[in-house]
Amino acid sequence: MQTSGRLLDRLAIWFADYLSRPIQGFDPPAAYSADQLKAVLQPGDVLLVEGNLRISSVIKYITQSTWSHVALYVGPQPGARVDDPPVLVEAELGYGVILSPLSKYVNFHTRICRALGLRPEDRERIVAHALGRIGYAYDLKNVIALARHRLSRRSVAGTLRRGLRALGSGEPNRLICSTLIAQAFQSVRYPILPTRRMLPCRDTPPHRVGDCVEEAWEPRHFSLFAPRDFDVSPYFTVVKPPPIEDFDYRRLRWAN
């Protein structure tokens, strides 16, 4: 049994190394500079990324989306260097949950999603929640299970009825990028893509339960989320950095 376990561990390490290698010739359709991103990003903003790794292609395929990665902007932390401080909390294959600078994604296609109406105190709690997960390991089992779940062509509601409440290893100190961000927002009960149910009205006497019903929201388990869910959520708005200074389309030089 020990030999079998060591073999599975080596196989998992090889698989993770294979998935974390970049794709040759990756060319993003559009990219913002670090200055453009810094001009509009606020703590609590979600940064979606079209990644260039092999695992990025897998995630984009299974979610049918441009976005393969997501990070949370938390702003410069005390004691950080001035020129290019780490300002993003993200869960990355091979590294786990880490802090990264904006310069890491200046040559990538990105999108900023901002939670609508988020209270300042809840924004601080979301940032603190994400920062508290730094050092957690990456949950590769969550990615594999998410792929099986998304490719099964079964609805989320149907899956939940069959008893699946969560994906991944089940270890609380292991996360993937979308799980990390979903956990942070759900810690303040902010909706991402909740389901709606009809429940008996509050304080309804037992003998009058069927006479009054009201709508209630039920959150999905954080392990069921993918990066694209923050883009399609009606509770997040897309924020685009302004174009380069003195932008004039008539002065652009075209190749053809």
Side-chain angles (χ1 to χ4, degrees), residues 17 19-61 63 65-115 123 126-127 130-131 133-134 138 143 175-181 184 226-233 236-249 251-255:
D17 178 68
L19 290 176
S20 61
R21 296 174 188 171
I23 300 170
Q24 299 299 322
F26 175 77
D27 187 18
Y32 294 115
S33 69
D35 288 338
Q36 285 177 295
L37 291 174
K38 282 191 294 186
V40 296
L41 276 168
Q42 300 177 4
D45 283 351
V46 174
L47 184 70
L48 300 175
V49 181
E50 181 180 4
N52 67 340
L53 305 178
R54 288 171 174 169
I55 193 173
S56 306
S57 295
V58 174
I59 295 172
K60 286 191 285 186
Y61 175 75
T63 61
S65 168
T66 297
W67 312 114
S68 61
H69 186 62
V70 59
L72 185 74
Y73 182 79
V74 297
Q77 299 304 297
R81 60 181 184 271
V82 178
D83 55 341
D84 189 23
V87 293
L88 299 171
V89 178
E90 59 180 348
E92 186 174 342
L93 179 63
Y95 299 94
V97 182
I98 57 175
L99 264 173
S100 300
L102 275 180
S103 60
K104 183 175 181 178
Y105 295 118
V106 295
N107 292 321
F108 289 77
H109 183 203
T110 56
R111 173 169 292 174
I112 299 169
C113 295
R114 181 170 296 162
R123 181 181 296 110
I126 289 169
V127 168
L131 288 169
R133 270 57 186 172
I134 292 175
Y138 193 84
V143 176
L175 299 167
I176 62 173
C177 61
S178 49
T179 293
L180 169 69
I181 312 302
R228 69 178 291 273
D229 294 332
F230 297 91
D231 191 17
V232 301
S233 170
F236 287 78
T237 186
V238 174
V239 179
K240 290 189 176 183
I244 57 177
E245 189 175 355
D246 298 326
F247 172 74
D248 185 349
Y249 71 93
R251 297 206 306 259
L252 296 178
R253 178 182 177 182
W254 297 89

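Because only heavy atoms are used, hydrogens play no part in the values below, and waters and symmetry mates are left out as well, while side chains stay in.
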Rounded to the nearest 0.5 Å, what separates atom [atom1] in [X] from atom [atom2] in [Y]?
X      : Y      : atom1 : atom2 : value
Tyr95  : Glu90  : OH    : CD    : 10.5 Å
Arg111 : Asp45  : CZ    : CG    : 14.0 Å
Leu47  : Leu102 : CG    : CG    : 7.5 Å
Ser68  : Phe108 : OG    : CZ    : 9.0 Å
Phe236 : Arg114 : CZ    : CZ    : 11.5 Å
Leu180 : Tyr138 : CG    : OH    : 11.0 Å

Minimum heavy-atom distance [X]-[Y], with the two atoms named:
X      : Y      : value
Leu72  : Ala130 : CD2-CB, 3.6 Å
Pro101 : Asp84  : CB-OD1, 3.4 Å
Asp229 : Ala226 : OD2-N, 2.9 Å
Ser100 : Ile98  : OG-CD1, 3.6 Å
Cys113 : Asp231 : SG-CA, 4.1 Å

Side-chain heavy atoms of [X] within contact of [Y], under 4.5 Å:
X      : Y      : answer
Pro227 : Cys177 : yes
Leu88  : Tyr105 : yes
Val87  : Pro76  : yes
Ile112 : Val46  : no
Leu48  : Thr110 : no

### Query
Would you call Asp35 and Lys38 a salt bridge, using N to O less than 4.0 angstrom?
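Yes.
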
### Test side chain to side chain contact (heavy atoms under 4.5 Å, CB included) applied to Val74 and Leu99, step by step
CA-CA 9 Å; Val74 297; Leu99 264 173; 4.0 Å; yes

### Message
Please check: side-chain N/O of Gln77 versus main-chain N/O of Gly75, any donor-acceptor pairing under 3.5 Å?
### Response
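Between the backbone of Gly75 and the side chain of Gln77 there is a qualifying donor-acceptor contact (under 3.5 Å).
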
### Donor-acceptor contact below 3.5 Å, side chain Gln36 vs main chain Pro242
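Present.
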
### Query
Would Val89 and Arg133 satisfy side chain to side chain contact (heavy atoms under 4.5 Å, CB included), going step by step from the backbone distance to the final call?
CA-CA 9 Å; Val89 178; Arg133 270 57 186 172; 5.9 Å; no

